[in-house]
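Reading through the structure tokens given below for one structure.
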Amino acid sequence: ITELFAARRCLHSLGILRKLCVQKPFIAHALGGVEDNCYLNVIEAIDYHYNHGCRVFEVDLEYTMDKKLVLAHGCWRKIDYQRLGIAYNSESPVPTYDEFMSWEVQGKYKTADFTDLVNAMKKYKDIFVVLDLGNVSYEETLHTYQDIVALTNHDKSVLKRFIAGGQSVNDPTKQIE
């Protein structure tokens, strides 16, 4: 709870809390659920929740086998496939970009890559997005944020609306050079 209050003070000091969270005090996790489904990370969820007043979203990011950044929750585990309504391939659980982009989540929603998220942020100029990179190393985090900057074409109007998130597998007692 202390962390929540500290985060709220931080957001308030940036003016974001007052502007966004007072009217709709929630963050749409995994871009928000759609029709009783959660953890989908589909653009249709942004459209739905935006039209219902949400302006702060959280998105989960993963790399495909061929190192393309896509919107997906988990680490390509069987449970994540089940949540999406996609058949799990235990021999090759990490899909290629083309495989991932060909899927229909729950048989009706389009999968999305990072560029799709950037386009949604250009459409909805008043949304903020918390980026969840998952439990990765410092080096992986740095690499992902470098990719994010490149995929936005260094567009500051988009970059300034990202809120960095994620966990680290690094030992916090060790100094990172």
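The model shown is predicted, which means the values in this text are computed figures rather than measured ones.
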Quiz item: Which atom pair, heavy atoms only, marks the closest approach of Thr115 to Leu151?
Solution: OG1-CD2, 4.3 Å

Quiz item: In terms of hydrophobic clustering (I, L, V, M, F, W, Y; side-chain heavy atoms under 4.5 Å; direct or indirect links), are Leu61 and Val42 co-clustered?
Solution: no

Quiz item: Under 4.5 Å between side-chain heavy atoms, hopping through other hydrophobics if needed: is there a path connecting Val129 to Leu69?
Solution: yes

Practice problem: Say whether Tyr50 and Ile43 are linked into one hydrophobic cluster, either directly or through other cluster members, by side-chain heavy-atom distances under 4.5 angstrom. | Solution: yes

Quiz item: Same cluster or not: are Val34 and Leu71 linked, directly or through other Ile, Leu, Val, Met, Phe, Trp or Tyr residues, by side-chain heavy atoms under 4.5 angstrom apart?
Solution: no

Using a 3.5 Å cut-off and no angle test, enumerate the donor-acceptor pairs between side-chain atoms of residues 91-98 and protein atoms at least two apart in sequence or in another chain.
unit_1, atom_1, unit_2, atom_2, d
Thr96, OG1, Glu99, N, 3.1
Thr96, OG1, Glu99, OE1, 3.4
Tyr97, OH, Asp113, OD2, 2.4

Exercise. Give, for atom CH2 of Trp103 and atom CD1 of Ile86, the distance between the pair rounded to the nearest 0.5 Å.
Key: 6.0 Å

Quiz item: Should Lys108 and Glu44 count as an ion pair when the cut-off is N to O under 4.0 Å?
Solution: no

Quiz prompt | Asp147 bridged to Lys67 by N-O distance under 4.0 Å | solution = no

Quiz prompt | Test item: Leu84 and Leu40 side chains (from C-beta on) under 4.5 Å apart, heavy atoms | solution = yes

Self-check item: Neighbour count >12 (heavy atoms, 6.0 Å) for atom CD1, Ile79
Solution: no

Exercise. Examine Met121 and Leu159 and state if one hydrophobic cluster contains both, with Ile, Leu, Val, Met, Phe, Trp and Tyr joined whenever side-chain heavy atoms are less than 4.5 Å apart.
Key: yes

Self-check item: Spacing of CD belonging to Glu139 relative to OG1 belonging to Thr144, to within rounding of 0.5 Å
Solution: 11.5 Å

Quiz item: Which value, rounded to the nearest 0.5 Å, describes the distance between Lys110 atom NZ and Met101 atom CE?
Solution: 3.5 Å

Quiz item: Do Ile46 and Leu117 come within less than 4.5 Å of each other through their side chains, counting heavy atoms only?
Solution: yes

Exercise. Classify the side-chain pair Tyr88/Asp80 by whether it contains a donor and acceptor separated by less than 3.5 Å.
Key: no

Practice problem: Measure the acute angle between the ring planes of His29 and Tyr39, then classify it against the limits of 30° and 60° as parallel, tilted or perpendicular. | Solution: perpendicular

Self-check item: Test of ring centre spacing under 6.0 Å for Phe114 and Phe162
Solution: yes

Quiz item: His49 versus Leu31: any side-chain heavy-atom pair under 4.5 Å?
Solution: no

